[in-house]
Every structure is written in structure tokens, then in C-alpha cells.
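Here's the structure, in C-alpha cells; my notes come after.
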2 protein chains.
Amino acid sequence: MANVAKYNRDDVIHKAMLLFWEKGYNSTSTRDLQQAIDMRPGSIYAAFGSKEQLYREALVCYSQGMAEMLGQRIVSAGSPLGGLEAFFRNVVIDQCDTNPSEVCMLVKTLTEVSDDHPELMELSRELLKRTEDRFADILQQAKDGGEIAKHANPRILARHLQVQMIGLRIYMKTSRNPDSLSEQISTIFANIKR
Amino acid sequence: MANVAKYNRDDVIHKAMLLFWEKGYNSTSTRDLQQAIDMRPGSIYAAFGSKEQLYREALVCYSQGMAEMLGQRIVSAGSPLGGLEAFFRNVVIDQCDTNPSEVCMLVKTLTEVSDDHPELMELSRELLKRTEDRFADILQQAKDGGEIAKHANPRILARHLQVQMIGLRIYMKTSRNPDSLSEQISTIFANIKR
DNA sequence: TTTTAACTTGAACATGTGTTCAAAATCAAA
DNA sequence: TTTGATTTTGAACACATGTTCAAGTTAAAA
């Protein structure tokens, strides 16, 4: 046995995630990364293999963080649908200034890389799909709890919410008008309850 | 007086636009461009100044193309709202396979470049705003023509449509499920008519 | 204290990048 | 045909990029 890793793997991935989320895959150079995570090229490549593999881990880290936050909002709100709406408000409006980017990191990945790095695209797709599945589960619970109509279709509503989430976050980057977006979120969830 | 430009400026910008739209700003090298528009570095820089300026012209070209298409759909459909819906279906579903990317080029620009190239971001914002204004005009005509309710607010509806358009196009890239997206578009416009 | 296997370092490499510029080619006017 | 301003060409430049690897450092085990 010998030296065990000096760095904290999760911490490093988190820091890399923040930088990747801000600047995107191509605009983040390995030099930028070296500085952000305070590791030298050799160590980075020994630990992660390549820039792309580190990015993959960063994507998963991002996705997990979002999923945890959604869970917390549901607990705080005390109801599935209330939690979802709080989550929307948090992501689209409250956190959009403190986050590295207004736009979802999975969406940024999907729009930036395409032919090159097909694995990054596939992973982003997969993680987005998981998010939608999670939305559907939550909406099913809302249906079971009587928060939404008996005839509502959780899968269709989940897809609808996914489109809203993606669209709203990008729109926020365009317009910087939190008040109108807050109203839009209210309308979206009012329509779901009907 | 001497030689006049050999190349067709609009044609060159259009070709550059298609490549930029497909690959994004950073992933399109000037070598790629040289091949696509069949011009040598010196000519390109004499004609456009820099890669960024050529991209700016490409953005405007893209935006004009979309605006023209919207106009055509309105004429074909014979009504403002019908034209808008046809435009949505065309962009999100029909053309998404033949276009260089499923995603709006303005949105791609906005999510890819940020701190670097602030002028590209500002131009994308401006062009997106113009699109929304156009939507609002069309919706006002729909209101005047009795296609939508008297109490409807064209500005709010235009914002809503913009979010849908952005979200749907990215969702199409994620899921590749045209049938469900077609239903979603039907629902969106059914709700507007109410 | 010495050994040893794992980890860390940073200079170096090969390639790709946006851009420049002197030389060559072009063609309307003289 | 000659002139001459303009356009085109492509080699070259300076720098940035992802990645490698031999040498150095570390600390647990012997």
C-alpha cells in the first residue's frame, strides 16, 4: 500500500462541473480546469482519463445536484405539486444569478456538442429522460393525492413541464425579466391543477 | 476601377450560416469555413474582417430566413394564427431533419458564447426579441380578426409562444418523438384560441 | 531507516487555431 | 496592348489546445 489520493474526488468533480457549466465543453481549456480544481495535467489524466470523461462525471454531478434539490423542495413544500412549482421558481428565477449559467447544463451540452462526442450527447439525453421520468412520478403522486385532476396524464404533463423548464430557463437568459417569468410559472401550474 | 467581387456575398453568407448553425461558433474552424464557402483566408478576411463578423452576418441571414418562412406560412394558411401554427409545425417537426440543427441558431449562440463575444450574445438577444415582437403583431391581427378571444393579451401570448418554440425544438433534439410534439403543438394553439 | 509502490509534477509534444501579408492573378479603363 | 487598382492566393505566424511521460515526491510497510 502507498499514498492514497490527496485530492477529494467529489469536490474536484463539483468544481469542474461549475466551470464546465459556465463555459461549456469546448470553451473550457484543460488549463482552465487545472486552475479551477488545483491539479496538474498528469494527475487529472491519471484520475479521469480525459477531458471528456471528466465532463461526463461533471454532467452526472450536475444532474444529481438538481435531483437532490427537487427532493428538498418537495419536502419543504409538503406536497408533490407544490414542490415542483417551488423547484421551478428556484431554478428559473431565484438561482439563475448565482448559478454558473441560467441554462440547464444538460441542454447546453446537447446544443453544443453533436457529431463530435456522441457519448456526451447520449448521456445528456439519458439524464434529461430521467428528469422527465422523475417529473412523471411526482405528478402521479400529485394525482393520487388529489392535487391534480383524476383524468390527468402524468406522462404527458411531465413532458409538458420539461419543455416549459427548458424554454423558461433559456428565455430568462434572453430577457432577464423575472416578474413575467414568475407569472408564467403560476399560469403553468394553475393550468395543471385544472 | 478593377476587378469586382468574384463571389456572391449573400450566397457565401448563406453557406457559412448553414455550417455555423450545424457546428456552432467554436467548433467551426476557419479551415472548415474556407472549404464550405470556397474562399481562401485572405479573401474571407478582406470581405468580412473576422470569424466573429462573418458569424454576425450569418445570424442575421438565419433570422431573415426564418422571418420569410413565417410570412409564407401565414399567406399559405390564409390566417394569422393558422400561419403561426403551420410555422411551428414546419420548424419543430417537418424541417428538423433537413435543417443543420434541430435547435434555433440564435438559442445555440446564446447558450454557447457568453462572456467571450458579448456582441454575438447581444445580437442573438435582439433578433430573438424581434421574433417575439413579430409574434405579438401576428397575434394582434388574430385578435382583430376574431381568431382569438377579445380579452387575450398578444404580448403575453407572444412570450408564451417564444418559450414553447425554444423548448419544443430542444426537446425534439432530446426525444425524437414527432407524434407527441405534434400533439403538444395542437394543445398549445387550442389553448390560445380559448 | 530503508524500501516500495502509488501519486504528483511540469516541461514537452504534436496538432489545431484565428489571422496576416507579400506575391500572383484578374480585368476594366486608357 | 499596356496600365494599375483591386481581388485572390496560400504559405507562414504566433499562440492555444489536449495529452504524455520521465523525474520527483510522498508516506505506509518492512
Side-chain angles (χ1 to χ4, degrees), chain A residues 1-13 15-17 19-59 108-109 112-121 123, chain B residues 1-13 15-17 19-59 108-109 112-121 123:
Chain A
M1 218 56 54
N3 219 356
V4 96
K6 292 270 187 51
Y7 61 91
N8 178 338
R9 200 167 214 277
D10 289 348
D11 185 49
V12 160
I13 292 173
K15 280 176 181 160
M17 180 273 279
L19 190 67
F20 274 134
W21 187 5
E22 182 192 340
K23 306 182 56 131
Y25 182 76
N26 286 305
S27 295
T28 304
S29 73
T30 49
R31 265 78 169 169
D32 293 337
L33 278 171
Q34 287 166 38
Q35 208 186 0
I37 68 181
D38 192 29
M39 285 175 79
R40 260 40 64 194
S43 296
I44 297 177
Y45 279 78
F48 300 103
S50 70
K51 181 185 171 186
E52 181 174 334
Q53 281 186 60
L54 175 53
Y55 193 86
R56 278 214 284 275
E57 302 231 37
L59 278 180
K108 281 189 83 166
T109 308
E112 185 190 350
V113 309
S114 36
D115 294 335
D116 29 302
H117 312 288
E119 294 180 25
L120 291 185
M121 235 182 75
L123 180 55
Chain B
M1 221 57 52
N3 218 356
V4 96
K6 291 269 187 55
Y7 62 90
N8 177 339
R9 198 166 217 276
D10 289 347
D11 185 48
V12 161
I13 292 174
K15 281 176 181 160
M17 180 273 280
L19 190 67
F20 274 135
W21 186 6
E22 182 192 342
K23 308 182 54 131
Y25 182 77
N26 287 306
S27 294
T28 304
S29 73
T30 50
R31 265 79 170 169
D32 293 337
L33 278 170
Q34 286 165 40
Q35 208 186 1
I37 69 181
D38 192 29
M39 286 174 78
R40 263 39 65 196
S43 297
I44 297 177
Y45 279 79
F48 300 103
S50 69
K51 182 185 171 185
E52 181 174 335
Q53 280 186 60
L54 175 52
Y55 193 86
R56 278 213 284 274
E57 303 230 37
L59 278 180
K108 280 189 84 165
T109 308
E112 186 190 349
V113 309
S114 36
D115 294 334
D116 30 302
H117 312 289
E119 292 180 26
L120 292 185
M121 236 184 73
L123 179 55

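- The side-chain heavy atoms of B/Pro41 and B/Thr30, taken from C-beta on, include no pair separated by under 4.5 Å.
- B/Leu33 places its CG atom 17 Å from the P atom of C/dG16, with the value rounded to the nearest Å.
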Base versus backbone protein contacts along nucleotides 11-21 of chain D [heavy-atom cut-off under 4.0 Å; B, S, -]: BB----BBBBB
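- In terms of modelled atom types and a separation under 3.5 Å, the side chain of A/Lys108 and the main chain of A/Lys23 share no donor-acceptor contact.
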Step-by-step side-chain hydrogen bond (donor to acceptor under 3.5 Å, both in side chains) determination, B/Tyr55 to B/Thr28: CA-CA 10 Å; B/Tyr55 193 86; B/Thr28 304; over 6 Å; no
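- Across the protein-nucleic acid pair, B/Ile44 atom CD1 and C/dG18 atom C1' stand 11 Å apart, rounded to whole Å.
- The separation between B/Gln35 atom CD and C/dG18 atom C1' is 17 Å, rounded to whole Å.
- The distance between atom CE of B/Met39 and atom P of C/dA25, rounded to the nearest whole Å, is 19 Å.
- One finds the CD atom of B/Glu112 at 9.5 Å from the CG atom of B/Leu120 (value rounded to the nearest 0.5 Å).
- Relative to the six-membered ring of B/Tyr25, B/Lys51 meets both conditions, a distance below 6.0 Å and an angle of at most 45° to the axis.
- With rounding to whole Å, A/Arg9 atom CZ is found 11 Å from C/dC7 atom P.
- Not one N or O on the side chain of A/Glu52 forms a donor-acceptor pair closer than 3.5 Å with the backbone of A/His117.
- One interatomic measurement links the two molecules: CZ of B/Arg40 to C1' of D/dT6, which rounds to 17 Å at whole-angstrom precision.
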